[in-house]
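What follows is a set of notes on a single structure, which appears directly below.
Side chains are part of it too, since the values below use all heavy atoms of this structure and drop only hydrogens, waters and symmetry mates. In what follows, residues are counted from 1 in the order of the sequence shown.
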Amino acid sequence: MTAEAEAHKKVRIDAWAWSVRLFKTRSQAAQACRAGHVKINGEAVKPAQAVEVGDVVRVWVNHRERIVKVQKLLVKRVGADIARAAYEDRTPEQIMPAMPRRDRGAGRPTKRERRQLERFKRGII
């Protein structure tokens, strides 16, 4: 397929997000679209919405927002190297705070401290 033919082609957003490995399964991609976690050019979309080369896609997955610009349209799932070449990652770098430390000999963490640690490990804080 030539570059010109591919430029005019459109692909469903759920199929594209799955094929470039933003989601593990296509059904997860479709479910994220229905929940409003996928936006094309700032607008929430349904799973059947077409995506084109040049669109900016925002995806909320695993408690993080990914911002990608569509470089190439894919319908089928491909290898990781080819998938990374299909989009330009525009997600801003996030600086994670240092892991909280307890003083030596301070004993076991309290219930509150343990919950804070669990939230930190999951990336919520």
query: Any sub-3.5 Å donor-acceptor pair from Arg64's side-chain atoms to Val59's backbone N or O?
result: no

- prompt: Can you name the side-chain hydrogen bond (donor to acceptor under 3.5 Å, both in side chains) partners of Glu65, sequence neighbours left out?
  reply: Arg58

- request: Kindly compute the distance separating CG (Asp55) from CD (Gln71), expressed to the nearest 0.5 Å.
  value: 11.5 Å

message: Would you say that Val11 contacts Leu74 through its side chain, given a criterion of any heavy-atom pair below 4.5 Å between the two side chains?
response: no

task: Report whether Ile82 and Val68 are members of the same hydrophobic cluster (ILVMFWY, side-chain heavy atoms less than 4.5 Å apart, transitive linking).
output: yes

- prompt: side-chain hydrogen bond (donor to acceptor under 3.5 Å, both in side chains) with Arg84: which residues, sequence neighbours excluded?
  reply: Asp81

- prompt: Distance from Trp18 atom CH2 to Lys76 atom NZ, nearest 0.5 Å?
  reply: 8.5 Å

query: Transitively linked via ILVMFWY side-chain contacts under 4.5 Å: Val75 with Val53?
result: yes

- prompt: Under 4.0 Å between a Lys/Arg side-chain N and an Asp/Glu carboxylate O for Glu118 and Arg114?
  reply: yes

message: Tell me the closest heavy-atom pair linking Arg122 and His63, and the distance in Å.
response: O-CD2, 4.4 Å

message: In the structure I gave you, are the side-chain heavy atoms of Val38 and Phe23 within less than 4.5 Å of one another anywhere?
response: yes

- request: Return yes when atom CD of Gln28 has more than 12 non-hydrogen atoms of other residues, nucleotides or ligands closer than 6.0 Å, and no otherwise.
  value: yes

- request: Count the heavy atoms of every other residue, nucleotide or ligand shown that sit under 6.0 Å from CG of Asn62, and state whether that count exceeds 12.
  value: no

query: Rest of the hydrophobic cluster containing Ile67 (Ile/Leu/Val/Met/Phe/Trp/Tyr, side-chain heavy atoms under 4.5 Å)?
result: Val56

- line: What one should report as the nearest heavy-atom pair of Thr91 and Asp89 is OG1-OD1, 2.7 Å

task: Determine whether Val61 and His37 make a side-chain contact, defined as any pair of heavy atoms from C-beta on separated by less than 4.5 Å.
output: no

Pairwise side-chain contact, Trp16 with Val57, heavy-atom cut-off 4.5 Å (strictly under): yes

